[in-house]
Amino acid sequence: MNKVAALTVSFLLSSCPAVFGQDAMQYGVKHLTVLAEDQKVRVLRYAPHKGDKTPSHSHPSVVVYVLKGGRVKYTMPDGSTKISELKTGEALIRPPVIHSDEALDDVEAILIEIKQ
């Protein structure tokens with residue numbers, strides 16, 4: 001029975017990227033950089049210029065602190081879109097998500113991804 005449980009957990013862990021999407025850092029976009037990372041959290045700087053896009057990717061739960069506000073258009077896996085108005089000085093707590101995004105204005109934010 002323990003072998004079955006171990007195989008199941010192993011399968012689920014190896015299939016997570018397919019289920020939850022891709023790590024945005026794999027695309028090498030210039031507007032996204034890792035500032036710090038350990039096993040529990042990753043700190044990202046998100047600083048796109050108007051028109052910059054990030055292909056479909058996923059985030060675990062994340063805390064966002066907006067350094068420079070502006071509009072960002074998010075596209076969900078089902079094709080629906082949402083435009084968010086990020087306000088300078090705003091702090092947001094967001095649940096896990098899969099999306100792509102496009103900056104409609106120059107924006108700058110710090111994202112703190114919660115891995116555990």
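Below, each value reflects all heavy atoms present in this structure, side chains not excepted, and no hydrogens, waters or symmetry copies.
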With T88 via side-chain contact (heavy atoms from CB on, under 4.5 Å) - residues at least two apart:
none
Hydrophobic clustering (ILVMFWY, side-chain heavy atoms < 4.5 Å, transitive) - are L111 and V34 grouped together?
yes
Check the pair R42, D23 against side chain to side chain contact (heavy atoms under 4.5 Å, CB included), reporting the backbone distance first and the verdict last.
CA-CA 12 Å; R42 177 165 70 173; D23 181 1; 2.8 Å; yes
Are the side chains of P96 and S61 in touch, meaning some heavy atoms are under 4.5 Å apart?
yes
Whether over 12 other heavy atoms sit under 6.0 Å from K115 NZ
yes
A side-chain contact here means heavy atoms from C-beta on lying under 4.5 Å apart; do S84 and Y74 qualify?
yes
Pairing residues for K40 by the side-chain contact (heavy atoms from CB on, under 4.5 Å) criterion, not counting sequence neighbours
D38, Q116
Strictly by salt bridge (Lys or Arg N to Asp or Glu O under 4.0 Å), give each pair with a member in residues 84-102 just once, sequence neighbours left out.
none
Given side chains that start at C-beta, do those of T75 and S100 come closer than 4.5 Å, heavy atoms only?
yes
Side-chain contact, heavy-atom cut-off 4.5 Å: V43 with I110?
yes
Do L35 and L44 make a side-chain contact, defined as non-hydrogen atoms from C-beta onward lying under 4.5 Å apart?
no
Has Q26 got more than 12 heavy atoms of other residues, nucleotides or ligands less than 6.0 Å from its CD?
yes
Do V66 and L104 share a hydrophobic cluster (ILVMFWY, side-chain heavy atoms under 4.5 Å, transitive)?
no
With a 4.5 Å cut-off on side-chain heavy atoms, are S58 and V97 touching?
no
Regarding Q22 and H57, is there a side-chain donor-to-acceptor distance under 3.5 Å anywhere?
no
Smallest separation among heavy atoms of A24 and T54, with atom names
CB-CG2, 4.2 Å
Tell me whether V62 is reachable from L92 by hopping between hydrophobic residues (I, L, V, M, F, W, Y) whose side-chain heavy atoms are closer than 4.5 Å.
yes
Contact summary for Y65 and G89, nearest pair of heavy atoms:
CE1-O, 3.4 Å
If Ile, Leu, Val, Met, Phe, Trp and Tyr residues are connected whenever their side-chain heavy atoms lie under 4.5 Å apart, and connections chain through other members, are V64 and V29 in the same group?
yes
Name all residues meeting the salt bridge (Lys or Arg N to Asp or Glu O under 4.0 Å) criterion together with K82; count only those two or more places apart in sequence or in a different chain, and write none if there are none.
none
I need the full list of ring pair (Phe, Tyr, Trp, His ring centres under 6.0 Å) pairs touching residues 23-45, with sequence neighbours left out, sorted by first then second residue.
H31-Y46
Go through the structure and list residues passing side-chain contact (heavy atoms from CB on, under 4.5 Å) with D106, not counting sequence neighbours.
H49, K50, K68
Is L32 reachable from V41 through a run of I, L, V, M, F, W or Y residues, each pair having side-chain heavy atoms under 4.5 Å apart?
no
